[in-house]
Amino acid sequence: MHALNKNRPLRRIMLASATTVSGVVMLLALKPHTAPTVVTGSAAPAPSVSASASPGATGDSGKSGTSGKSGSSSTGTRTVTGDTVQTRWGPVQVKVTIKNGKITDVTAVQYPSDNPRDQEINQYALPQLRTEALAAQSASIDTVSGATYTSQGYQQSLQSALDSAGL
């Protein structure tokens with residue numbers, strides 16, 4: 001006997017229902033993913049490094065492969081701005097203040113704020129990301145739930161700033 005026999009309509013209904021439910025589940029599970037990209041070129045400002053006057057430190061600023069001081073240990077206070085990272089919801093850029101080789105402050109210079117939902121998310125996400133960065137003293141920080149794209153952009157911009165600073 002054939003599974004879709006005409007004298008068994010209930011079997012056909014169950015099979016059609018199961019197929020429909022499976023199709024809907026597969027459609028709902030499909031989520032397009034785009035990775036954040038780093039914006040480069042003339043559209044975004046280059047990472048800048050500024051140093052305060054202190055013994056042994058130089059006042060070079062701008063993007064370069066090496067900073068004014070060789071090695072990763074340094075004295076004085078420097079402010080470094082990371083690359084602008086273009087995320088799905090908008091650009092993210094951070095500025096890092098480093099004193100005696102330690103991160104003392106992290107500030108979000110740019111972040112998504114086009115609509116009220118972006119503002120609401122970033123109102124709680126940015127302080128958490130800042131706290132994580134200060135505690136970790138690196139860009140290896142946890143992603144904030146509900147602010148995944150902003151968190152990834154924050155991490156990438158923070159890493160570029162730390163790289164520019166030689167940390």
Taking [X] for its side chain and [Y] for its backbone only, find out whether a donor-acceptor pair lies under 3.5 Å.
X    : Y    : value
Q155 : I141 : yes
R78  : K99  : no
S157 : Y154 : no

What distance do [X] atom [atom1] and [Y] atom [atom2] have between them, rounded to the nearest 0.5 Å?
X    : Y    : atom1 : atom2 : value
W89  : D118 : CH2   : CG    : 7.5 Å
L158 : S140 : CG    : OG    : 9.0 Å
K102 : T77  : NZ    : OG1   : 14.0 Å
Q93  : T107 : CD    : OG1   : 11.5 Å
N122 : Q128 : CG    : CD    : 11.5 Å
S138 : E132 : OG    : CD    : 10.0 Å

**Report entry** Sub-4.5 Å side-chain heavy-atom contact between T150 and L126
**Finding:**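 A side-chain contact exists here, since the closest heavy-atom pair is under 4.5 Å.
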
Requested in this report: Evaluate the side-chain proximity of V94 to Y111: yes if any heavy-atom separation is below 4.5 Å, no if none is.
Outcome: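 No, their side chains stay 4.5 Å or more apart.
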
Query raised in the report: Would a hydrophobic clustering, with Ile, Leu, Val, Met, Phe, Trp and Tyr connected at side-chain separations under 4.5 Å, put L134 with V96?
Result: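 Linked within one cluster.
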
**Report entry** Cluster check V109, I103: I/L/V/M/F/W/Y, side chain < 4.5 angstrom
**Finding:**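 No.
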
Query raised in the report: Under 3.5 Å, is there a donor-acceptor pair linking the side chains of Q119 and N115?
Result: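 Q119 vs N115: no donor-acceptor pair found between side chains.
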
Query raised in the report: Would T87 and Q152 satisfy side chain to side chain contact (heavy atoms under 4.5 Å, CB included), going step by step from the backbone distance to the final call?
Result: CA-CA 8 Å; T87 68; Q152 290 171 348; 6.0 Å; no

Report task. Run through D83, V80, T81 and flag the one making a side chain to side chain contact (heavy atoms under 4.5 Å, CB included) with S164. Result ->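 So, applying the side chain to side chain contact (heavy atoms under 4.5 Å, CB included) to S164 and each of D83, V80, T81, only V80 qualifies.
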
Over all heavy atoms of both residues, which pair between [X] and [Y] is shortest? Give the atoms and the distance, please.
X    : Y    : answer
S151 : L129 : OG-CD2, 3.7 Å
T84  : P91  : CG2-CB, 3.7 Å
S160 : G82  : OG-CA, 3.3 Å

Query raised in the report: Does D105 have any salt bridge (Lys or Arg N to Asp or Glu O under 4.0 Å) partners at least two apart in sequence or in another chain, and if so, which?
Result: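 So D105 forms a salt bridge (Lys or Arg N to Asp or Glu O under 4.0 Å) with R130.
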
